[in-house]
Amino acid sequence: MTSAPLPGPTGPSGPSGAAAARRAAPRPDHRAAVRPRASVRRTAVAVTAVATCLALVAATPYPGPLGVGDRLFPELGNPGYDVLRYDITLTYTGDNTVPLQARTRIHAEVTGERLETVNLDFAGGTVRSVSVNGAPATWQAAGEDLVLTPARPLTGGQPLHVDVRHTSPTSGAKPTGWIRTKGDGLALASQPDAAHRVFPSNDHPSDKAHFTFRVTAPEEFTAVTTGHAVSRTRQAEGVTWTYRTARPLATELAQVTIGRSTVLRRPGPDGVQLRDVVPTRHRATLEPWARKTSGHLEWMTGQVGPYPFDTYGVLVVEAALGFALETQTLSLFSLDFLGNEDYPAWYRESIMVHELAHHWFGNSVSPHRWDDLWLNEGHATWYEWRYAAGHGGPELTERVKRAYESSDQWRQAYGPPARLTPPPSGSEDKLNIFRPIVYDGAAVVLYALRQHIGAEAFERLQRTWVTRYQHGVASTADFIALAGEVAGRDVSGFLRDWLYGEKTPAMPGHPDWTAGTP
């Protein structure tokens with residue numbers, strides 16, 4: 001992801017260059033824990049309504065929200081099961097201020113020895129009915145969890161099929177989730193923890209799954225989601241569009257967009273199918289930018305190897321986003337950025353490459369925990385810088401040196417790259433984990449590693465990383481171990497100092513560089 005504030009009209013501003021364009025923006029194992037079974041009444045509730053929660057607490061034992069042990073988001077994700085696939089149905093009226101009627105079906109496998117309650121992440125919608133394995137289940141809210149009590153306890157290895165009928169509100173009260181676009185449209189921006197404001201889920205990137213989306217909208221709208229188009233059928237209430245993913249998807253990377261849009265299709269390099277979605281009335285302005293993605297794909301595959309998916313494109317929306325986002329196979333941009341000629345062409349293209357690079361680093365290889373965010377953003381920034389250096393932007397070493405000079409200040413303000421300062425307790429602004437230290441600061445770490453092990457070994461490390469963990473989940477510990485394996489020597493101490501140290505180490509090969517004094 002990249003985010004606001006964007007740089008000034010003459011190019012990136014500030015000591016860290018393009019980091020200013022990402023400063024405030026968004027990006028999270030299953031445990032065999034067992035919750036005591038709560039005796040609750042079945043009732044239709046607005047999941048996050050405080051009054052509902054208080055009424056239930058007064059009548060029944062309070063089931064607490066759970067989590068998968070993420071230090072930065074302790075209540076995100078849920079233990080005891082592994083989601084295999086989601087089937088999500090959304091019905092849109094044509095008015096983006098009205099909640100969508102929705103149905104979410106989750107197909108999972110129980111991983112714990114015994115599961116008496118099932119926690120889902122869900123906040124903001126009204127639940128109308130719930131069933132577990134075909135039988136009605138009771139439910140109640142607990143923080144931003146929806147706690148289900150099935151008719152019978154579940155055991156390890158048993159299939160888990162959850163069916164929730166609910167609404168999906170578009171109030172925009174939170175910074176991410178549904179984004180309202182001009183012309184009564186919608187798009188998703190769910191990093192780091194907003195997918196569960198749209199649909200019930202195990203909303204943590206460590207539990208990736210396949211998705212089917214079925215979106216019904218009035219005929220004048222076009223619906224596009226992550227995945228391949230399966231069908232388009234007319235019904236009394238409008239047109240139903242069905243899409244299905246070929247590769248597993250983290251909830252935070254799902255994209256559903258509904259708008260007065262045009263879909264541009266064309267063949268890309270190496271058999272990749274290109275699909276761009278732009279506001280119809282701005283097609284002439286945006287189509288030349290959409291056509292640049294073919295060249296970006298060729299450049300990135302030359303850097304790290306084959307693109308890990310079979311479709312790619314850009315989604316451009318009319319909304320004041322202040323960020324760009326790597327939603328899987330359909331990177332999200334705002335019209336006021338991509339269509340703004342005040343920004344240098346090299347800069348806009350380098351941000352496009354940043355989001356594309358995430359499809360290797362973050363989308364295909366997803367973080368085990370949100371502390372591993374630097375693996376996503378550091379690598380995307382690294383390739384953003386490299387692309388810019390060859391296409392009219394600053395030289396790579398210049399960008400690294402400027403960021404290095406700010407590194408100690410960032411560490412003091414935000415924590416080291418792989419151990420960020422958590423969001424303030426009770427804060428609803430979870431986007432503050434997207435700070436310069438995980439963008440430019442983490443790219444500086446990668447440069448230091450290349451200086452330490454050599455350019456050839458560093459390139460092999462990048463290619464091996466995205467191949468070995470393709471379409472999976474990996475951690476900082478995995479990266480450190482692989483770096484040592486590829487380099488043929490132990491680099492764990494070197495990387496731990498760079499990733500976890502309160503002070504920035506000396507830069508190999510540049511003894512005259514200073515990281516500054518906080």
Side-chain angles (χ1 to χ4, degrees), residues 1-7 9 21-22 24-26 90-102 124 167-191 194-195 197-198 213 215-226 237-239 241 243 254-265 275-293 313-327 329-343 348 351-352 355 431:
M1 165 176 280
T2 53
S3 72
L6 291 170
R22 299 181 295 274
L90 300 164
T91 301
Y92 180 59
T93 66
D95 181 347
N96 63 8
T97 68
V98 175
L100 283 70
Q101 295 301 312
T167 63
S168 184
T170 62
S171 63
K174 304 280 187 173
T176 52
W178 281 119
I179 301 294
R180 294 176 182 172
T181 63
K182 193 171 182 179
D184 295 324
L186 292 168
L188 279 185
S190 295
Q191 283 190 345
R197 297 177 198 142
V198 176
F213 296 99
V215 184
T216 300
E219 193 160 348
E220 64 268 27
F221 290 88
T222 297
V224 184
T225 82
T226 304
E237 59 267 42
V239 178
W241 310 71
Y243 294 85
Q255 182 55 262
V256 176
T257 181
I258 307 166
R260 304 175 195 273
S261 307
T262 295
V263 181
L264 309 172
R265 300 181 187 276
R275 173 189 62 164
D276 303 299
V277 183
V278 300
T280 299
R281 66 189 185 130
H282 295 289
R283 174 175 178 170
T285 298
L286 294 170
E287 191 163 5
W289 284 94
R291 289 188 176 277
K292 293 178 183 293
T293 55
V314 298
L315 164 63
V316 186
V317 298
E318 291 186 82
L321 296 180
F323 58 82
L325 180 62
E326 67 278 10
T327 49
T329 72
L330 199 60
S331 293
L332 175 65
F333 297 89
S334 61
L335 174 66
D336 62 1
F337 171 66
L338 207 55
N340 189 338
E341 294 186 1
D342 286 339
Y343 299 118
R348 283 180 282 173
I351 297 302
M352 293 174 75
E355 305 309 332
L431 306 188

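Numbering of residues begins at 1 and proceeds along the displayed sequence. All values below come from the heavy atoms of this structure, side chains included, with hydrogens, waters and symmetry mates left out. Predicted model, so just to flag it, every value in this text is computed and none were measured.
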Q: How far does OG of Ser331 sit from CG of Leu325, to the nearest 0.5 angstrom?
A: 8.0 Å
Q: Partners of Glu237 by salt bridge (Lys or Arg N to Asp or Glu O under 4.0 Å), sequence neighbours excluded?
A: none
Q: According to ring-ring contact (aromatic ring centres under 6.0 Å, His included), who are the partners of Phe221, at least two apart in sequence or on a separate chain?
A: Tyr92
Q: How long is the straight-line distance from CG of Asp276 back to CZ of Arg291, given to the nearest 0.5 Å?
A: 9.0 Å
Q: Kindly indicate whether the side chain of Trp289, heavy atoms from C-beta on, has any atom under 4.5 Å from the side chain of Met352.
A: yes
Q: Taking all atoms of both residues into account, what is the closest heavy-atom pair of Pro279 and Glu318, and its distance?
A: CB-OE2, 3.9 Å
Q: Mind listing the closest non-hydrogen atom pair of Thr226 and Tyr243 along with its distance?
A: O-CB, 3.9 Å
Q: Under 4.5 Å between any side-chain heavy atoms of Leu321 and Phe333, yes or no?
A: no
Q: Could you check if a side-chain atom of Arg275 sits within less than 4.5 angstrom of a side-chain atom of Val224, using non-hydrogen atoms only?
A: yes
Q: Over all heavy atoms of both residues, which pair between Asn96 and Arg180 is shortest? Give the atoms and the distance, please.
A: O-NE, 3.1 Å
Q: Who are the salt bridge (Lys or Arg N to Asp or Glu O under 4.0 Å) partners of Lys292, not counting sequence neighbours?
A: Glu349
Q: Quick one: do the Thr262 and Thr280 side chains pair a donor with an acceptor below 3.5 Å?
A: yes
Q: To the nearest 0.5 Å, what is the distance between CG (Leu186) and OG1 (Thr181)?
A: 6.0 Å
Q: Would you please test Leu264 and Arg283 for side chain to side chain contact (heavy atoms under 4.5 Å, CB included) and show each step?
A: CA-CA 9 Å; Leu264 309 172; Arg283 174 175 178 170; 3.5 Å; yes
Q: Could you tell me which non-hydrogen atom of Ala194 sits nearest to which non-hydrogen atom of Ala189, and how far apart they are?
A: CB-O, 4.3 Å
Q: When rounded to the nearest 0.5 angstrom, what is the spacing between CD in Gln255 and CG in Leu315?
A: 5.0 Å
Q: With a 4.5 Å limit on heavy-atom distance, are the side chains of Thr222 and Val263 in contact?
A: yes
Q: Measuring from atom CD1 of Ile258 to atom OG1 of Thr170, what distance do you get when rounded to the nearest 0.5 angstrom?
A: 10.0 Å
Q: For Val316, which of Leu332, Asp336, Leu286 qualifies under side-chain contact (heavy atoms from CB on, under 4.5 Å)?
A: Leu286
Q: What distance do Phe337 atom CZ and Ile351 atom CD1 have between them, rounded to the nearest 0.5 Å?
A: 5.0 Å
